[in-house]
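Beneath this line is the structure, given in structure tokens, with notes to follow.
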Amino acid sequence: MHWADYTAMRLSEKYDSQVIASGITPSGEFHIGHLREILTAEMIHRACLDSGKKSEYIFIVDSMDPLRRVYDFLSDDYEKYIGFPLANIPAPNPDGTPNYNGENYAIHFLKPFLDALKQIGVIPKVVMNHETYENGDFAEKIDLAIINREEICEVIEKISGRELPEGWYPYNPVGSDGSMDGVIVTGYEKPYVYWTDRKGINGKSDIRKAEGKMPWRVDWAAKWGVHGITCEPAGKDHGAAGGSFDTGIPICRILGSEPPGKMVYEWIQLKGSGPMSSSTGNTIGPIEALGLVPPEILRYVIARTKIKKHIDFDTGPSLFEMADEYERLVSNPPDDKDLSKKKKVARDTALGALRLSQVKRGDNPSLSTAGVSFRHLAMLAQIKSDDDDIWRSLNKSQHLDGKPNQVLINRLSRMRNWIDSRHFPEEARIKIQDIITKENKKKISSKQEEFLNQLFTKLEKIEWTEKEISENITSLSSEIDINRREAYVALYILILGTEYGPRIASIMNEIGREETLKIMSKSFQ
RNA sequence: GGGUCUGUAGCUUAGUCAGGUAGAGCGUCCGGCUCUUAACCGGAAGGCCGCGGGUUCGAACCCCGUCAGACCCGCCA
């Protein structure tokens, strides 16, 4: 059984209808790691719907969280905004300076991410956390938190093992300058929290407004109650013993609600370079990734992996395998003849991953395949610049019957982007040789050399089409009585530096007569 | 120091929650397609399931220990 289906089954034992949630702080550019947060939750949500139960999926944007520091992509102007809620500060310009006439910081980073989510078929109910404060929905929880301040304090200290500072308060008011840093609470009289800020100015915050927020560990627990969340998968950083999930559970109860069950997922890493981090620039944005990888494949990367396994995201060779695995699974699904328990489980898991990878829920996976492997398409895209040539070639190789469908057209366009990007794996790149290496020259026999020389003469005169080139290779090899394989190998060594490759006549046709003859003459003279 | 997760073929992994002969894909090798698209088709090799103990008629799976890796106990998906 697929993990999402299993979770859905478990959830349905506890609740009749579900509210599945994700939460992210929009402190910077969103990266592909955030997609795991989103998709893990969204797939559970879909699994609930697929099992015939009611479910809602909400995406809580932690827009009330403060700016913690001046990140590398921000200019020093942001120094003055440290401690401000992200919803209250201006978005950065491309050069990192604040854009005072534009949208706020949280929205700025959120928007492109939501566009990416739309492309992968995720349409959440978006909740801006600062609005939940603004409209007073947190007031009751804040009141309870303040009343039970001692108990919450004890819970955090006991479970997380860290000591809270003297005078810790489960509410951080926004001070007179807009920052929550250094504001000391001096009293509480519902609905007002009284404070003195770092400038020594006194004031009060209305807990029914966005004039302050609960600290992270309390805020999260309060959200569970306010939104009636029944499931919120958390990154492993929150899931560790003593982490915010563990303290959230008792705090949620203190605040009068029943917490969701603990569920923890692993991180996505960029292969070989450790965890994603906006600050080190070690990222791939969801938009960038979607320019290269079809959305259903991106979903599949998440769906095929159990949530407790870490994923090495890699736009190199393993992406080929992943995509081809997807195609295979669709076109050749595991059969159900064998009823052994384990095989049945494996089959259900694979088919579940496939089902949850569809951009639109309920779509037939076979509509999402191109009928051509990534590898093959990558090769064709490199040797043919005209799309129509590719469709012709695919018809000839019987990958395609007639005109390409939209899926295939999209795949090709993404493939071209991928090839043009720095993410395309070098191993898959077709490299036309400038000049033959000494090593390769040794591999060429005198017979092969004769063949190449005579071919050179012929190629100077013929009409430059793939068909003509191919026919001349064939006829010449018969004329001078060289094994046809040998003849091709010689050409591959000369032009690609390998002993095998894609149809050589296509490549010669694509690079042109002049270039081809140049390579040949440079190598043999 | 305390804790969580992960460890199965060269690689990616299924199977662990409900113990019953270890499955798959990629890669590799061999062969076919009357011979060149890196396409397509067929076959083969490859596993003390991290290691040691225990429970059991029977353990990849349960229990104890141990090793390795990742992560958490300020902030992070």
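Order of the sequence lines sets the chain letters (A, B, ...), proteins ahead of strands, with each chain counted from 1.
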| query | In whole Å, what separates the C1' atom of B:U36 from that of B:C41? | reply | 16 Å
| query | Are A:Asp62 and A:Lys213 close enough for a salt bridge, meaning some N to O gap below 4.0 Å? | reply | no
| message | So, does A:Arg10 get its side chain near the phosphate of B:C17, meaning an N or O under 4.0 Å from OP1 or OP2? | response | no
| said: If I pick the P atom on B:U8 and the same atom on B:C73, what distance separates them, to the nearest angstrom? | reply: 27 Å
| message | Taking the basic N atoms (NZ, or NE/NH1/NH2) and the acidic carboxylate oxygens, is any pair closer than 4.0 Å for A:Asp115 and A:Lys118? | response | no
| Distance check: side-chain N/O of A:Thr25 vs OP1/OP2 of B:A77, anything under 4.0 Å? | yes
| query | If we take the C1' atom in both B:C40 and B:U6, what is their distance in whole Å? | reply | 38 Å
| task | Write down the partner of B:G1 under the Watson-Crick or G-U wobble criteria, each distance required to be under 3.5 Å. | result | B:C73
| Is the backbone of A:Ile480 close enough, under 3.5 Å, to the side chain of A:Lys447 for a donor and an acceptor to pair up by distance? | yes
| note | Here the distance between atom P of B:A14 and atom CG of A:Leu329, to the nearest Å, is 14 Å
| field | Minimum-distance nucleotide to A:Asp237 side chain [options: B:U37, B:U6, B:A77] | value | B:A77
| query | Counting only distance, no hydrogens or angles, is the base of B:U37 paired donor-acceptor with the side chain of A:Ser506 under 3.5 Å? | reply | no
| note | Of the candidates B:C5, B:U37, B:U12, the side chain of A:Arg304 sits closest to B:U12
| said: Between A:Lys223 and A:Glu232 (salt bridge meaning N to carboxylate O under 4.0 Å), is one present in this structure? | reply: no
| Distance check: side-chain N/O of A:His34 vs OP1/OP2 of B:A77, anything under 4.0 Å? | yes
| remark: Of the listed B:C75, B:U37, B:A77, the closest approach to the A:His376 side chain comes from B:U37
| A:Arg299/A:Glu42 salt bridge by N-O under 4.0 Å criterion | yes
| task | Determine the interatomic distance between C1' on B:C61 and the same-named atom on B:C71; round to the nearest Å. | result | 25 Å
| query | Is the distance from OP1 or OP2 of B:A14 to the nearest side-chain N or O of A:Lys309 less than 4.0 Å? | reply | yes
| Any stacking of A:Trp267 on B:A77, going by centres under 5.5 angstrom and planes within less than 30 degrees? | yes
| query | Can you check whether A:Lys306 has a side-chain N or O nearer than 4.0 Å to OP1 or OP2 of B:G15? | reply | yes
| field | Separation of the C1' atoms in B:C29 and B:A70, to the nearest angstrom | value | 35 Å
| Considering only side-chain heavy atoms of A:Val489, which listed nucleotide, B:U36, B:A39, B:C26, is closest? | B:U36
| task | Among B:G15, B:A77, B:U37, find the nucleotide with the atom closest to the side chain of A:Ile268. | result | B:A77
| message | Just by distance, no angles: are the side chains of A:Glu466 and A:Ser506 close enough, under 3.5 Å, to form a donor-acceptor pair? | response | yes
| note | Whichever of A:Glu321 and A:Ile311 has the more 5' nearest nucleotide on RNA chain B, that residue is A:Ile311
| request: Taking only the side-chain heavy atoms of A:Arg68 (C-beta and beyond), determine which of B:C40, B:C75, B:C71 contains the nearest atom. | output: B:C75
| query | Which nucleotide in the list B:U37, B:A70, B:C75 gets nearest to the side chain of A:Lys236? | reply | B:A70
| Nearest-angstrom distance, C1' atom, B:U55 to B:G19 | 12 Å
| field | Closest to side chain of A:Thr349, choosing from B:A77, B:G15, B:G25 | value | B:G15
| Using the C1' atom in both, what is the distance from B:G52 to B:U21, to the nearest Å? | 25 Å
| request: Give a yes or no on whether a donor-acceptor pair under 3.5 Å exists between the nucleobase atoms of B:C35, that is its base, and the side chain of A:Tyr488. | output: no
| Between A:Tyr265 and A:Ile504, which has a closest nucleotide on RNA chain B that is more 5'? | A:Ile504
| query | What interatomic distance, in whole Å, is found between P of B:G47 and the corresponding atom of B:G1? | reply | 37 Å
